[in-house]
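Have a look at the structure below, then the notes.
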Amino acid sequence: MDTEKIIKAGKIASQVKKFAKSFIKPKMHLLEIAEKIEAKIVELGGKPAFPVNLSINNIAAHYTPSHDDKTLAHGLLKVDLGVHFNGWIADTAFSMDLENSQENKKLIQASEEALKSAEKILKAGIHLNKIGGIIEKTIKSKGFSPIINLSGHEISQYELHAGASVPNIDDSRASILTPGLYAIEPFATNGSGKVHDGKPSEIYMLQSSSHPRNPGARELLDFIVKEYNTLPFCSRWIVKKLGTKSLFDLKILESNGNLHHFAQLVESENAIVSQTENTVLIGKEIIITSED
């Protein structure tokens, strides 16, 4: 594990998070927001670890704008961004109230305080369900529900979701937190506390490098392997690099089993969701790599 690169990625993620909070306004195009955030990551010397997620209201995660997206920022906006150096990742997220809603503000406070409470008890050897328990208790104390089928996750090189999951509830598992890199990410909702798969997200991840017969699809696959490795990417990035004709080749790769296409994750009662996330390096000392 390359601690130096992880910390460097975390510092950039923190800077980009502050930058995003400074310019995002209601009725901005999500496409403009995503491109500004991703450009800032590159300007500061990193690479996006995945497409910026800009999920609104009942969409908990996995919304990134398409190349021709016209959606405007509104409601409760979740901004989930990641930075990597040679595959070593810092993953962080925050939520913004763009309609001056007291309910939104309280939901955001619930997920923020849940993350802070979890960070206070983090140490190697703690049971994962205790981390989930403190997240659950904090969110419920604010009158909301944690999302029970979303969790934090261990991170390894070029693998955003690796190994252990960090629950957002006390799920009674006996697993313990071992030294390593983890994203802790509470989700709070005024709904049922579950998400289901919604529409396709335009976010993809390589799952097989076996070559398809179609020459254009083969060329695109080679580009994806070289450019993104096993990290998530989106159709918007592909169009920017290779033009709209590449959308047809993406479909071929998806049908051929080369790519996993993520679904948007939607709250089961279409209720509002907030998210807060930091990446934490667990070792002899605890390093929060992407804090404010």
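Here the structure is a predicted model, which means the values were calculated and not measured.
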What is the distance from atom OG of Ser14 to atom CD of Glu291, rounded to the nearest 0.5 Å?
6.5 Å
Answer whether the closest heavy-atom distance between the side chains of Lys194 and Ile148 falls below 4.5 Å.
yes
Sidechain N-carboxylate O distance under 4.0 Å for Lys240, Glu38
no
Side-chain donor/acceptor of Asn100 to backbone N/O of Leu98, under 3.5 Å
no
So, using ring pair (Phe, Tyr, Trp, His ring centres under 6.0 Å) as the criterion, who are the partners of His196 when residues are at least two apart?
none
Audit row: Ile56, Leu30, side-chain contact (heavy atoms from CB on, under 4.5 Å) steps and yes/no
CA-CA 10 Å; Ile56 295 172; Leu30 293 188; 4.0 Å; yes
Do Val83 and Ile33 share a hydrophobic cluster, counting only Ile, Leu, Val, Met, Phe, Trp and Tyr and linking them when any side-chain heavy atoms are less than 4.5 Å apart?
yes
Are any of the side-chain heavy atoms of Val79 and Leu54 separated by less than 4.5 Å?
yes
Between His74 and Leu72, is there a donor-acceptor pair closer than 3.5 Å when you use the side chain of the first and the backbone of the second?
yes
Hey, what do you get for CD1 (Ile139) to CD1 (Ile147), rounding to the nearest 0.5 Å?
8.5 Å
Are Leu265 and Leu76 connected in the hydrophobic side-chain network, where two residues link if heavy atoms are under 4.5 Å apart?
no
Looking at CG of Asp249 and CG of Asn258, how far apart are the two atoms once the value is rounded to the nearest 0.5 Å?
11.5 Å
In the single-linkage hydrophobic clustering (I, L, V, M, F, W, Y; side-chain heavy atoms under 4.5 Å), do Leu128 and Phe187 co-cluster?
no
Grab the two heavy atoms, one from Lys17 and one from Phe94, that are nearest each other, plus how far apart they are.
CG-CD2, 3.4 Å
Of all the heavy-atom pairs spanning Ala34 and Val52, show the shortest one and how long it is.
O-CG2, 4.3 Å
Close side-chain approach of Ile288 to Leu122, heavy-atom, < 4.5 Å:
no
For residues Ser111 and Ser274, is any side-chain donor paired with an opposing acceptor at under 3.5 Å?
yes
Glu267, Gln275, Glu269 screened by side chain to side chain contact (heavy atoms under 4.5 Å, CB included) with Thr189, the one that passes
Glu267
Can Ile6 be reached from Ile287 by stepping across I, L, V, M, F, W or Y side chains whose heavy atoms are under 4.5 Å apart?
yes
With rounding to the nearest 0.5 angstrom, report the CD1 to CD1 distance, Ile135 to Ile169.
10.5 Å
State, yes or no, whether a side-chain contact exists between Ser290 and Asp91 at a heavy-atom distance under 4.5 Å.
no
Walk me through whether Ser55 and Asp80 qualify under side-chain contact (heavy atoms from CB on, under 4.5 Å).
CA-CA 8 Å; Ser55 305; Asp80 190 348; over 6 Å; no
CA sep, side-chain torsions, deciding dist, call: Trp88, Met1, side-chain contact (heavy atoms from CB on, under 4.5 Å):
CA-CA 8 Å; Trp88 293 109; Met1 185 168 293; 3.9 Å; yes
Should Val280 and Ile155 be counted in the same cluster of Ile, Leu, Val, Met, Phe, Trp and Tyr side chains packed under 4.5 Å apart?
no
Could you check whether His211 and Asp222, counting side-chain N and O atoms only, form a donor-acceptor pair closer than 3.5 Å?
yes
Nearest heavy atoms of Ser95 and Lys78, plus distance in Å:
OG-CG, 3.4 Å
Closest heavy-atom pair and its distance - Ile108, Thr276:
O-OG1, 4.3 Å
In terms of heavy-atom contacts, Thr279 and Leu181 come closest through CG2-CD1, 3.4 Å
Quick one: does Arg236's side chain have a donor or acceptor within less than 3.5 Å of a partner on Pro65's backbone?
yes
To the nearest 0.5 Å, atom CD of Gln157 lies from atom CZ of Phe85 at 13.5 Å
Any side-chain heavy atom of Leu221 within less than 4.5 Å of one from Leu206?
yes
Residues His153, Glu185; criterion side-chain contact (heavy atoms from CB on, under 4.5 Å); working and verdict
CA-CA 8 Å; His153 47 95; Glu185 53 177 324; 3.1 Å; yes
Does Asn149 reach the side chain of Val195, with side-chain heavy atoms less than 4.5 Å apart?
yes
Drop me the distance from Glu219's CD to Ser246's OG, to the nearest 0.5 angstrom.
10.0 Å
Only pairs at least two apart or in different chains count here, so list each side-chain hydrogen bond (donor to acceptor under 3.5 Å, both in side chains) that has a residue in residues 122-132.
Asn129-Asp170
Ignoring hydrogens and geometry, is there a side-chain-to-backbone donor-acceptor pair from Ser117 to Ile134 under 3.5 Å?
no
Sidechain N-carboxylate O distance under 4.0 Å for Glu43, Lys40:
yes
For a quick test of your reading: what N or O donor-acceptor pairs under 3.5 Å do the side chains of residues 224-235 make, sequence neighbours left out?
residue	atom	partner	partner atom	Å
Thr230	OG1	Tyr158	O	2.5
Ser235	OG	Glu202	OE1	2.7

On a heavy-atom basis, the closest approach of His62 and Ala263 is ND1-O, 3.1 Å
Do Ser201 and Thr64 touch side chain to side chain, with heavy atoms closer than 4.5 Å?
no
Result of checking Lys8, Gln15, Lys11 against Leu44 for side chain to side chain contact (heavy atoms under 4.5 Å, CB included):
Gln15
Can you list everything that forms a ring pair (Phe, Tyr, Trp, His ring centres under 6.0 Å) with His261? Sequence neighbours excluded, please.
Tyr204
Atom NZ of residue position Lys199 - does it have more than 12 heavy atoms of other residues, nucleotides or ligands inside 6.0 Å?
no
Applying salt bridge (charged side-chain N to carboxylate O under 4.0 Å, His left out), can you list everything that pairs with Glu113, at least two apart in sequence or on another chain?
Lys142
Do the side chains of Met205 and Phe50 get nearer than 4.5 Å, heavy atoms only?
no
From CA spacing to verdict: salt bridge (charged side-chain N to carboxylate O under 4.0 Å, His left out), Lys116, Glu112
CA-CA 6 Å; Lys116 288 176 183 175; Glu112 287 177 346; 5.6 Å; no
For the residue pair Asn278 / Thr92, report whether a side-chain donor-acceptor contact shorter than 3.5 Å exists.
yes
In residues 19-28, what donor-acceptor pairs under 3.5 Å come from side-chain atoms, sequence neighbours left out?
residue	atom	partner	partner atom	Å
Lys21	NZ	Asp292	OD1	3.4
Ser22	OG	Phe19	O	2.6
Lys25	NZ	Ser22	O	3.2

